[in-house]
Amino acid sequence: MKETVVSGIRSTGKLHLGNYYGALSNFVKMQHEYNCFFFIADLHSLTTHPTPEHLNRTVREVVVEYLAAGIDPEESTIYVQSDVPEVAELYLYMNMNAYLGELERATAFKDKVRANPDNVNAGLLTYPVLMACDILIHHGTKVPVGKDQEQHLEMTRTFGNRFNRLYNVEYFKEAFAFSYSDKLVKIPGLDGNGKMGKSNGEASCVYLSDSPEVIRKKVMRAVSDAGPTEMNQTKPEPIQNLFDLMKVVSMPDTLQHFEDLYNRCEIRYGDFKKQLAEDMVLATEPVRSRIQEISNDDEYVKKVIRMGAEKASESARKTIKEVREIIGIKKLY
């Protein structure tokens with residue numbers, strides 16, 4: 001039997017280049033070799049209290065962009081997290097075996113508390129438990145995650161193993177980080193620091209659905225500096241970020257051309273950014289065209305969501321039935 005891959009993206013807005021090169025492009029390759037569950041994590045997004053209209057719209061957008069990126073609903077299971085209530089039931093059971101101290105020590109939780117001191121809700125604290133249940137419900141063993149999620153994956157193994165020990169069973173398997181490519185791709189933002197992310201603002205991200213005009217404007221406004229003052233000098237972070245983006249979307253000889261200009265102190269950032277913008281427009285064109293086409297076909301989108309819910313629910317119902325039996329939750333009538 002094929003090993004199971006599980007991964008999800010929160011429904012907090014449109015997908016960007018970081019999502020595509022860091023995750024989606026690998027998902028497309030994985031689906032032919034593994035049993036893949038790719039979900040839209042709308043329950044996870046509730047920690048930030050989106051409006052009902054925003055939540056509903058962004059869930060649909062992510063489904064459309066999954067499809068536009070090349071994920072095949074016949075090969076993979078694309079589903080909305082809340083369409084599978086068994087995930088929430090397993091979350092309840094696993095919360096009984098997750099302890100306050102270990103949840104408070106999670107790096108992601110501490111970062112969220114610092115960033116949002118007025119919104120320290122229980123969902124943030126138990127976020128790793130829900131993430132674990134997303135994986136455990138399908139007995140996933142391979143999880144495509146970045147460095148920032150490795151601790152959550154370690155906690156998934158902890159919760160699964162703790163359940164096994166508590167009930168003296170060998171039921172849940174261990175899940176490990178997985179990348180289909182040899183090298184994880186980190187896509188930097190346009191704001192001069194860190195990776196591309198929605199939390200850094202619109203100007204930092206190039207979305208897969210952005211028009212060519214919007215992409216050009218964003219790239220031309222990207223953070224840069226006055227230019228190199230010494231031959232072969234080390235690039236500051238904002239400039240290295242732009243070169244890293246060019247490495248992903250441009251031809252090798254284009255990248256080398258601008259590397260040489262930089263090293264000779266002859267680079268003109270206006271020319272560099274124009275080239276980077278045009279290469280981004282070209283790289284995103286196939287996905288952008290399909291986003292519009294698929295989004296207009298409402299019946300197809302609904303069919304994909306229904307089909308995914310059925311496939312994911314079949315897997316989840318089996319797990320919950322077995323977990324209830326292991327715990328001892330049985331009907332007495």
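Note that the structure is a prediction, hence the values are computed from the model and not measured. Computed over heavy atoms, backbone and side chain alike; hydrogens, waters and symmetry mates excluded.
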Please test E102 against R162 for salt bridge (Lys or Arg N to Asp or Glu O under 4.0 Å), starting from the C-alpha separation and ending with a verdict. CA-CA 13 Å; E102 65 188 348; R162 186 175 292 156; 2.7 Å; yes

Which is it for V249 and L276 under the side chain to side chain contact (heavy atoms under 4.5 Å, CB included) test, yes or no, and what are the steps along the way? CA-CA 8 Å; V249 300; L276 177 59; 3.9 Å; yes

Please test T156 against D134 for side chain to side chain contact (heavy atoms under 4.5 Å, CB included), starting from the C-alpha separation and ending with a verdict. CA-CA 10 Å; T156 298; D134 291 323; over 6 Å; no

Going through the distances and angles, do M231 and N263 end up as a side chain to side chain contact (heavy atoms under 4.5 Å, CB included)? CA-CA 5 Å; M231 302 275 280; N263 290 333; over 6 Å; no

Show the numbers, then the answer: is there a side chain to side chain contact (heavy atoms under 4.5 Å, CB included) between L255 and F243? CA-CA 7 Å; L255 174 65; F243 273 89; 3.9 Å; yes

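A distance-only check finds a donor-acceptor pair linking the side chain of D210 to the backbone of Y207 [under 3.5 Å]. The main-chain N or O of N119 is never found under 3.5 Å from a side-chain atom of N116 such that the two would form a donor-acceptor pair. Side-chain N or O atoms of S295 include none that pairs as donor or acceptor with a backbone N or O of Q292 at under 3.5 Å. Between the side chain of S76 and the main chain of P73, no donor-acceptor pair closer than 3.5 Å is present. Side-chain atoms of S315 never come within 3.5 Å of backbone atoms of H138 as a donor-acceptor pair (strictly under, hydrogens ignored). When atom types are taken as modelled, the side chain of E170 and the backbone of N164 share no donor-acceptor pair closer than 3.5 angstrom. Side-chain atoms of N95 come within 3.5 Å of backbone atoms of Y91 as a donor-acceptor pair (strictly under, hydrogens ignored). Side chain of S211 to main chain of V214: a donor-acceptor pair is present (N/O by atom type, distance under 3.5 Å, no hydrogens or angles). Distance alone, capped at 3.5 Å, places no donor-acceptor pair between the T77 side chain and the F37 backbone. Without hydrogens or angle criteria, T254 side chain to S250 main chain gives no donor-acceptor distance under 3.5 Å.
Using a 4.0 Å cut-off between charged nitrogen and carboxylate oxygen, K318 and E322 count as a salt-bridge pair. We find that E325 and K321 are joined by a salt bridge, their nearest charged nitrogen and carboxylate oxygen being less than 4.0 Å apart. Taking 4.0 Å as the cut-off between side-chain N and carboxylate O, R157 and E154 do not count as a salt-bridged pair. Checked for salt-bridge contact, R57 and E61 meet the test: a charged N lies under 4.0 Å from a carboxylate O. Using a cut-off of 4.0 Å between Lys/Arg side-chain N and Asp/Glu carboxylate O, E104 and K110 are scored as not salt-bridged. Remark: R60 engages D298 in a salt bridge, criterion side-chain N to carboxylate O under 4.0 Å.
For the pair K235 and Y262, the cation sits on the ring face: its NZ or CZ lies under 6.0 Å from the ring centre, inside 45° of the axis. A cation-pi arrangement, defined by a distance under 6.0 Å to the six-membered ring centre and an angle within 45 degrees of its axis, is absent between K2 and Y34. Geometric assessment of K142 against the ring of F176 yields a negative cation-pi assignment under the 6.0 Å and 45° thresholds.
Linking ILVMFWY side-chain heavy atoms closer than 4.5 Å, directly or via other members, places V62 and M307 in two distinct hydrophobic clusters. Both M94 and I329 sit in one connected hydrophobic cluster of ILVMFWY residues. Membership requires side-chain heavy atoms under 4.5 Å apart, directly or through other members. Connection of I294 to V28 is established within a shared hydrophobic cluster, with ILVMFWY side chains joined at heavy-atom distances below 4.5 Å, either directly or through further cluster members. Grouping the Ile, Leu, Val, Met, Phe, Trp and Tyr side chains by contacts below 4.5 angstrom, directly or via other members, places V87 with Y93. In this structure, V206 is a member of the same hydrophobic cluster as L24, with clusters built from ILVMFWY side-chain heavy atoms closer than 4.5 Å.
For the pair K330/R324, no side-chain contact is recorded, criterion being any heavy-atom separation below 4.5 Å from C-beta on. Between R10 and T48, some side-chain heavy-atom pair lies under the 4.5 Å cut-off. Taking 4.5 Å as the limit, some side-chain heavy atom of P188 sits within range of a side-chain heavy atom of L245. The shortest side-chain heavy-atom distance between F178 and T141 does not fall under the 4.5 Å cut-off. With contacts defined as side-chain heavy-atom distances shorter than 4.5 Å, the pair I215/R288 qualifies. Between L43 and L46 the shortest side-chain heavy-atom distance falls below 4.5 Å. At a threshold of 4.5 Å between non-hydrogen side-chain atoms, the residues K274 and V219 do not count as touching. L242 is listed as a side-chain neighbour of F272, based on a closest heavy-atom distance under 4.5 Å.
The shortest non-hydrogen separation linking P50 to S45 is CD-O, 3.3 Å. In this structure, V6 and V143 approach most closely via the heavy-atom pair O-CG1, 3.4 Å. Annotation for L208 and Y20: closest pair CD2-CB, 3.8 Å, computed over non-hydrogen atoms. Taking all atoms of both residues into account, the shortest heavy-atom contact from A175 to G140 is CB-O, 3.4 Å. For the pair G123 and T47, the tightest heavy-atom approach, listed with the atom from each and the gap, is C-CG2, 3.8 Å. Closest of all the heavy-atom pairs between A98 and L103 is CB-CD1, 4.2 Å.
Between F163 and Y167, the angle of the ring planes lies from 30° to 60°, which puts this pair in the tilted group.
Taking a 6.0 Å sphere around CG of N168, one finds it holds 12 or fewer heavy atoms contributed by other residues, nucleotides or ligands. Other residues, nucleotides and ligands contribute more than 12 heavy atoms inside 6.0 Å of the NZ atom of K218. For E285, the CD atom counts as densely surrounded, since its 6.0 Å shell holds more than 12 non-hydrogen atoms of other residues, nucleotides or ligands. In the displayed structure, R268 atom CZ is contacted under 6.0 Å by at most 12 heavy atoms of other residues, nucleotides or ligands.
Remark: K217 engages no residue in a side chain to side chain donor-acceptor pair (under 3.5 Å) (not counting sequence neighbours).
Each of D72, T4, V5 was compared with C36 under the side-chain contact (heavy atoms from CB on, under 4.5 Å) criterion, and only V5 meets it.
The structure places CE of M251 at 12.5 Å from CE of M246, a figure rounded to the nearest 0.5 Å.
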